[in-house]
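Quick note: residue numbers are just sequence positions, from 1.
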Amino acid sequence: GLQKEIDKTSVSHAGLSKAATVASVGILAAGVAVIAGSVKQAVAWEKLRKEIEQQTGLSGKSMTGLMNTINNMTGHVPYKLNEVSQAAVILKQRFHETGPEIEKTAPGMIAFAKRAGQEVTPAVTGLSNVLLQYRKPLSDVTELTDKLVGVSQLTQQPLGAMEGTIERF
């Protein structure tokens, strides 16, 4: 009786010990995966930073500010890092704006590009061209995209065709 109970307990402890070992290995593997993912993200971020430096010629505080802007936006918008960075770089180069204005306007411009079925770079560039041609500040982009959507709906023209039409005027 008593020996059988002791034997069962020993077997049950051995099973728990094995389960704990398997669980520990699983947790360790998950931790390694998180670290590997973090390293991969850090490498991608550094690569992006170098590309932007080459593309813009920015350095020091200006570069840090732009990268902070991109980082802030990627945490708050449902867009890919490359889409956010493309829009931010264009707006920084074309309008020489600071982070808060870029953070406020870039997501809307990316949303417009997606709704128009366009790639981010040409759409943001086109919208920027229209604003600059009419000497409008970047903050007017929401009004511009609203007008484009309205005209598209009235004329039944695809939204992607609207921006090019306005740009020619």
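Using a 4.5 Å heavy-atom threshold, the side chains of Val149 and Arg115 count as touching. Side-chain contact between Val77 and Val84: present, with at least one pair of heavy atoms (C-beta onward) separated by less than 4.5 Å.
Evaluation of the side-chain hydrogen bond (donor to acceptor under 3.5 Å, both in side chains) test over residues 83-96, restricted to residues two or more places apart or in two chains, returns Glu83-Lys114, Gln86-Thr121, Arg94-Asn129. Screening residues 49-63 for side-chain hydrogen bond (donor to acceptor under 3.5 Å, both in side chains) gives no qualifying pairs among residues at least two apart or on separate chains.
Legend: residues meeting salt bridge (charged side-chain N to carboxylate O under 4.0 Å, His left out) with Glu97, ordered by chain and number and at least two apart, are absent. Residues passing the side-chain hydrogen bond (donor to acceptor under 3.5 Å, both in side chains) test with Gln153: none are found, sequence neighbours excluded. Under the rule for a salt bridge (charged side-chain N to carboxylate O under 4.0 Å, His left out), the partners of Lys104 that lie at least two apart in sequence or sit in another chain are Glu101.
In this structure, Thr74 OG1 and Asn82 CG are separated by 11.5 Å, a value rounded to the nearest 0.5 Å. Taken to the nearest 0.5 Å, the CG atom of Leu91 stands 5.0 Å off from the CE atom of Met109. Expressed to the nearest 0.5 Å, how far CZ of Phe112 lies from CG of Leu127 amounts to 5.0 Å.
Smallest separation of non-hydrogen atoms from Asp140 and Lys136: OD2-CD, 3.3 Å. Listed here is the closest heavy atom pair of Ala106 and Met73: CB-SD, 3.8 Å. Considering all non-hydrogen atoms of both residues, Pro137 and Leu131 come closest at O-CD2, 4.0 Å. Closest approach of Ile102 and Pro107 over heavy atoms only: O-CD, 3.9 Å.
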Check: residues 64-71 side-chain donor-acceptor pairs under 3.5 Å, at least two apart:
| from | atom 1 | to | atom 2 | distance (Å) |
| --- | --- | --- | --- | --- |
| Thr64 | OG1 | Gly60 | O | 3.1 |
| Asn68 | ND2 | Thr64 | O | 3.3 |
| Thr69 | OG1 | Gly65 | O | 2.9 |

